[in-house]
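Notes follow once the structure below has been shown.
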Amino acid sequence: INNYEYIQTSIEGRIGMIALNRPDVLNALNRTMVVEILSAMESFDQDESIRVIILSGNGRAFAAGADIEEMSADGPIDFELLNQFKNWDRIASIKKPIIAVVQGFALGGGFELALCCDLIFAADDATFGFPEVNLGVMPGAGGTQRLTKLVGKTKAMEWLFTGKRITANEALQFGIINSIFAKEILIEEALKAGGMIASQAPLSIRFIKEAVLKAVDTPLEEGMHFERKNFYLLFSSEDQKEGMRAFIEKRNPDFKGR
Ligand code: CAA
């Protein structure tokens, strides 16, 4: 299945792995690469044997941003006609849980890509930031929105105005990432966490992801209503019967994702 030009995919048990692979330019995200990431994610999303997706970089970077060279000569009409960010929206609407594994630079579009994921595991050398301001532009794939919803206006303004680098420790302190690990064990730890999530009832994970993302954008009452419908819906699944039966019979559940 691996005939991509700028990414590599593999499968580890029930985890679909996507590794960005354009190391000579620090995994700068050109348009073909974004199409490939989306295509790999959508095929894992459709594959019932896959329960979790891990997205990683390599070498010195997760990704140092959108490909500056590719877009430098573009004008607004080019972006409009390309509908430049539609693929990013589709990445953000993948249903299965996605863990971003970040080592080195996660800048601009690279940071935005990580923010589209559900969990972020970082190496101690990870650095995040939005340097677009230094290029005379601004983030376009959700940076001003997702970062602000995550950390609030105060730090978002500071980081977006200055393009300042955010260390892994700061990112942890502000709730941008979940955990920091030494580079050597980072992917192992992500696989461990991914394996744990993969052993849970897939429909529970699916509807939890949907409901949490809903909470980011919705007034409480509407979000509560949404949560309740998902809660009710899970009682039509075989896994709910299996999970509760297993509890009563004092054994481990065997979840099927149905
Ligand atoms: N686009 C295209 N090429 C890039 C790139 C990018 N975003 N980031 C790095 N590269 C290339 C460099 O041009 C260089 O290529 P050559 O070897 O052919 O010269 C190679 O990657 C290695 O980079 P450096 O030599 O610059 O490495 P460094 O260690 O000196 O610096 C860095 C590392 C600080 C990350 C620096 O590369 C850098 O500032 N990169 C750009 C970061 C940036 O501005 N990102 C935002 C892009 S705009 C965006 O993402 C918009 C959006 O919202 C979608």
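As a basis for the values below, the full set of heavy atoms in this structure was taken, side chains included, without hydrogen atoms, waters or symmetry mates. Along the sequence shown, residues carry numbers from 1. Both ligands and their constituent atoms are indexed starting at 1 by order of listing.
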Using a plain distance cutoff, I'd like to know if G140 has any nitrogen or oxygen under 3.5 Å from a nitrogen or oxygen of ligand 1. yes
Closest to atom 9 (C) of ligand 1 among D67, V25, L113 (heavy-atom distance): V25
Determine the interplanar angle of the F111 and F130 rings, folded into 0 to 90°, and report it as parallel if under 30°, tilted if 30 to 60°, perpendicular if over 60°. parallel
Residues two or more places apart in sequence or in another chain: which of them pass side-chain hydrogen bond (donor to acceptor under 3.5 Å, both in side chains) with N134? none
Just checking K229: does its NZ atom have more than 12 heavy atoms from other residues, nucleotides or ligands closer to it than 6.0 angstrom? no
Could you point out which residue of R206, E210, K214 forms a side-chain hydrogen bond (donor to acceptor under 3.5 Å, both in side chains) with N230? E210
Could you list which atoms of ligand 1 come closer than 4.0 Å to a heavy atom of R60? 27 (O), 28 (P), 29 (O)
Please list, in number order, the atoms of ligand 1 under 4.0 Å from a heavy atom of P139. 53 (O)
Any N or O of I68 closer than 3.5 Å to N or O of ligand 1: yes
Answer yes if a protein heavy atom lies under 4.0 Å from atom 45 (N) of ligand 1, otherwise answer no. yes
Per-atom contacts, ligand 1 versus D24 - under 4.0 Å to a heavy atom: 20 (C), 21 (O)
Does an N or O from E132, backbone or side chain, lie closer than 3.5 Å to an N or O of ligand 1? yes
Would a search of protein heavy atoms around atom 30 (O) of ligand 1 find one under 4.0 Å away? no
For N27 and N21: C-alpha separation, side-chain torsions, deciding distance, then whether side chain to side chain donor-acceptor pair (under 3.5 Å) applies. CA-CA 6 Å; N27 294 327; N21 190 27; over 6 Å; no
With backbone taken as N, CA, C and O and side chain as the heavy atoms from C-beta onward, which portion of R165 lies under 4.0 Å from ligand 1: side chain, backbone, both, or neither? side chain
Atom 40 (N) of ligand 1: of A64, A66, A63, the nearest heavy atom sits on A64
Output the list of atoms in ligand 1 that are nearer than 4.0 Å to some heavy atom of G109, sorted by atom number. 49 (C), 50 (O)
For this output row, return yes or no: ring centroids of F181 and F121 closer than 6.0 angstrom. yes
Verify the contact flag for atom 26 (O) of ligand 1, where contact means a protein heavy atom under 4.0 Å away. no
Tell me, do L107 and R165 make a side-chain contact under 4.5 Å, heavy atoms counted? yes
Which atom pairs, donor and acceptor, lie under 3.5 Å between side-chain atoms of residues 244-258 and protein residues at least two apart or in another chain?
from	atom 1	to	atom 2	distance (Å)
R245	NH1	E242	OE1	3.4
E249	OE1	R251	NE	2.8
E249	OE1	R251	NH2	3.3
R251	NH1	E242	OE2	2.8
R251	NH2	E242	OE1	3.3
D254	OD2	K256	NZ	2.7
R258	NE	E48	OE1	3.4
R258	NH2	E48	OE1	3.3
R258	NH2	E48	OE2	2.5

As an exercise, identify every atom of ligand 1 less than 4.0 angstrom from a heavy atom of E112. 52 (C), 53 (O), 54 (C)
